[in-house]
Q: 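Shown below is the structure under consideration.
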Amino acid sequence: MPLSPDEIQRLARLARLAVSPEEGEAVRAQLNRVLNLIDEMRAVDTAGVEPMSHAVATAPGAGQRLRADAVTETDRHAEYQAVAPAVERGLYLVPKVIE
Amino acid sequence: MSWEIVVGIETHAQLATRSKIFSGAATAFGAAPNTQASAVDIALPGVLPVLNGAAVECAIRFGIAVGGTINRRSVFARKNYFYPDLPKGYQISQYELPVVAGGSISLAVGDLQKIVRLTRAHLEEDAGKSLHEDFHGMTGIDLNRAGTPLLEIVSEPELRGAAEAVAYARAMHALVRWIGICDGNMQEGSFRCDANVSVRRAGDAALGTRCEIKNLNSFRFMEQAIAYEARRQIEILEGGGRIEQETRLFDPERNETRSMRSKEEAHDYRYFPDPDLLPLVLNEQDIDRIRSQMPELPEAMRERFMRDYELPKEMAQAITSSRETAEDFEAFWGHLLKLTANCDRIQGAQAANWVMMQIGAALNKSGLTITQVPISPLDRATLVSRIIDGTISHRAAGEVLGAMWSGEGTADAIIERRGLQQISDAGAIEQLVADVLAANPKSVGEFRAGKDKALNALVGQVMKASRGKANPAQVNALLRRKLLG
């Protein structure tokens, strides 16, 4: 099902993207082409095929590698904060957010 | 028309690991802002998460403890939303395939045990902290907490009302501490609950529209918040209105809940499997190893205490409220059994209960915890054995316990020094009884005329004459024998 202009605006809002109505039309055309491609793929019979979310086989022993629970990182906040726009008393400052 | 209150609880238990779930930064509480936030935690470009094995082990321990299904394959997903204390723009969580599915927990509701089923438990990372005090009109962000491992535990909506919800939260709090996966410190935010509350007409099968109350960080607030929220919903429905599904915050100062996020921003987290993390695959050997290392669980221990030690239920319940209390009791009870090999079990349990009540009261007064009691389990058992073998009366035992608490020595030393032994020597008591009978002909006459109460006065006289050291039961028996014989 093709996306409507309203749906494009909603998706843009969720992704915090400013998309003007004109840009929205171009984005809509592109996204609808992607959805068409997906529709084509959905036409393939996949009964009995395991959904694949990762490109690596997950046979026993082949899953996520785990690390030991050890503190290996040191305090580098001065370096990290050197490139932050605003910092005070060790805190990153951001425009006021109130729930 | 009566209403039924329906509650489901989501608990965030901070897992007791040294390092974060996806980075090697420390998780210690109270560090200076951002000093424990690594490149991964602040989401610098190009970093990748690496899963902490200890966090996975905590989840498995929990799954075993609640009898849930430990999924041999679970998947991490991205939960997308924008907030400055979430630098990646998504939280790594689990969605379609959580590490633990199902399970249940048993809780005491009044005299009854209620089994509450769990929906799931999944691993996720915590967000940072926003400080809204005034920084020149800006908000301060501390990312030390970002990436701290959490186990989110979701109950089925099977709790009926605020009191049951609190009983559930307490039972869950006790369990996660018991199995050592969470320190349970609510002030520091290690154990937080959200409550999903709805109401329906008694007898209705369908659930009403629910509201979620966020971040309840004390049992008292949880009870107040749920009670308020249920009243609010009932008032709306009785006034002909409709409940809007929303997230609400509890304001303890005003004792009310209020709307937190507008409906327009209804949750749409656009979950998808995180391509940075492979599925978590668990093998049987690891699960078996963890199972073999599990401590005896509170419910099993409670039943064992009732069966093997013949303890009354309330007492077994109180002892198993925490692992520390239970371990302390087992040590104490072991000594007591050795010291009083052939004593009456019921008498033993009563005396043990007495000493525990005294210790409990002393702990409340002093603000200490069970592991800080200044009297060892052996010394407490010795004191109780002296009550059981009749050396001292209960009243004298109270005095001895107080002296032991302030470090005056062992029970026997204090009894000896203060001369608190009961007089159990039959000859000595017989002499006292004879004297009292001779001196109180009026009471003797009354008793013989059928006034049973007159005996109490005589017992009192003998006790007084013995300066409280005679064994009252012995005095009573002896008096009766003399008067009726």
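Lettering follows sequence order; numbering is per chain, from 1.
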Q: Does CD belonging to B:Glu96 count more than 12 external heavy atoms closer than 6.0 Å?
A: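 Counting other residues, nucleotides and ligands, CD of B:Glu96 stays at 12 neighbours or fewer.
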Q: What part of B:Lys20 lies closer than 4.5 angstrom to a heavy atom of chain A: side chain, backbone, both or neither?
A: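 Contact with chain A involves the backbone of B:Lys20 alone.
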Q: Counting only N and O atoms by type, is there a donor-acceptor contact under 3.5 Å from the side chain of A:Tyr92 to the main-chain atoms of B:Asp142?
A: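 Here the side-chain-to-backbone pair does not exist.
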Q: Between A:Leu91 and B:Ile141, is the side chain to side chain contact (heavy atoms under 4.5 Å, CB included) condition met? List the steps.
A: CA-CA 5 Å; A:Leu91 298 164; B:Ile141 305 290; 5.9 Å; no
Q: Take A:Val71 and B:Thr27 through the side chain to side chain contact (heavy atoms under 4.5 Å, CB included) test and state the conclusion after the steps.
A: CA-CA 9 Å; A:Val71 176; B:Thr27 54; over 6 Å; no
Q: Which atoms form the tightest heavy-atom contact between A:Arg10 and B:Asp268, and what is the distance?
A: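 In this case the closest contact between A:Arg10 and B:Asp268 is NH2-OD2, 2.7 Å.
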Q: Under a 4.5 Å heavy-atom cut-off, does chain A meet the side chain of B:Asp274, its backbone, both or neither?
A: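 For B:Asp274, the contact with chain A is made by the backbone alone.
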Q: Name the region of B:Arg270, side chain, backbone, both or neither, that has any atom closer than 4.5 Å to a heavy atom of chain A.
A: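 Looking at B:Arg270, just its side chain touches chain A.
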Q: Run the side chain to side chain contact (heavy atoms under 4.5 Å, CB included) check on B:Phe76 and A:Gln64 step by step: do they pass?
A: CA-CA 10 Å; B:Phe76 286 96; A:Gln64 178 63 41; 5.5 Å; no
Q: List the residues meeting ring pair (Phe, Tyr, Trp, His ring centres under 6.0 Å) with B:Phe221, not counting sequence neighbours, and say none if there are none.
A: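 Partners of B:Phe221 by the ring pair (Phe, Tyr, Trp, His ring centres under 6.0 Å) criterion, ordered by chain and then number, come out as B:Phe250.
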Q: Using non-hydrogen atoms only, which part of B:Val75 is less than 4.5 Å away from chain A: side chain, backbone, both, or neither?
A: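 It is the side chain, since no backbone atom gets that close.
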Q: Which atoms form the tightest heavy-atom contact between B:Met138 and A:Val94, and what is the distance?
A: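 Where B:Met138 meets A:Val94 most closely, the heavy atoms are CB-O, 3.3 Å.
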Q: For the atom pair OH (B:Tyr81) and CG (A:Leu14), what is the distance rounded to the nearest 0.5 Å?
A: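 If we round to the nearest 0.5 Å, B:Tyr81:OH and A:Leu14:CG are 14.5 Å apart.
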Q: If only side-chain N and O atoms count, and only distance matters, is there a donor-acceptor pair under 3.5 Å linking A:Arg76 with B:Thr35?
A: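 No, A:Arg76 and B:Thr35 have no side-chain donor paired with an acceptor closer than 3.5 Å.
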Q: A:Leu93, A:Leu66, A:Asp69: which one forms the most heavy-atom pairs within less than 4.5 Å of chain B?
A: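 Top count of heavy-atom pairs under 4.5 Å with chain B: A:Asp69.
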Q: Keeping A:Arg67 on the side-chain end and B:Val50 on the backbone end, is there a donor-acceptor pair under 3.5 Å?
A: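 Yes; judged by distance alone, with no hydrogens or angles, the pair exists.
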Q: Would the distance check show the side chain of B:Asn34 and the main-chain N or O of A:His77 forming a donor-acceptor pair, the cut-off being under 3.5 Å?
A: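 No; zero donor-acceptor contacts below 3.5 Å.
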Q: Evaluate B:Leu44 against A:Tyr80 for side chain to side chain contact (heavy atoms under 4.5 Å, CB included), listing each step before the verdict.
A: CA-CA 9 Å; B:Leu44 289 188; A:Tyr80 298 147; 3.8 Å; yes
Q: Between A:Glu79 and chain B, which part of the residue has a heavy atom less than 4.5 Å away: side chain, backbone, both or neither?
A: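 Neither part; nothing is under 4.5 Å.
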Q: Against chain A, label B:Ala39 side chain, backbone, both or neither, depending on which of its atoms sit under 4.5 Å from a heavy atom there.
A: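 Contact with chain A involves both backbone and side-chain atoms of B:Ala39.
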Q: Write down the atom of A:Lys96, the atom of B:Thr139, and the distance for their closest heavy-atom approach.
A: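 Scanning both residues, the minimum pair turns out to be CA-OG1, 3.3 Å.
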Q: Will you find, in the side chains of A:Glu88 and B:His136, an N or O donor that is under 3.5 Å from an N or O acceptor?
A: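 Side chains of A:Glu88 and B:His136: pair found under 3.5 Å.
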Q: Hey, which of B:Ile42, B:Ile21, B:Leu277 has the most heavy atom pairs under 4.5 Å with chain A?
A: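 Of the candidates given, the most pairs with chain A belong to B:Leu277.
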Q: Do other residues, nucleotides or ligands put more than 12 heavy atoms under 6.0 Å from B:Tyr95 OH?
A: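 No.
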Q: Verify, without hydrogens or angle tests, whether A:Glu73 (side chain) and B:Ala25 (backbone) share a donor-acceptor contact under 3.5 angstrom.
A: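 Checked: no pair found.
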Q: Chain A heavy atoms under 4.5 Å from B:Ala32: which part of the residue, side chain, backbone, both or neither?
A: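 Contact with chain A involves no heavy atom of B:Ala32 at all.
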Q: Below 4.5 Å, heavy-atom pairs only: which of B:Gly128, B:Gly140, B:Ala55, B:Ala54 has the largest tally toward chain A?
A: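 Of the candidates given, the most pairs with chain A belong to B:Gly140.
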Q: Between B:Phe22 and chain A, which part of the residue has a heavy atom less than 4.5 Å away: side chain, backbone, both or neither?
A: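 B:Phe22 touches chain A through backbone heavy atoms alone.
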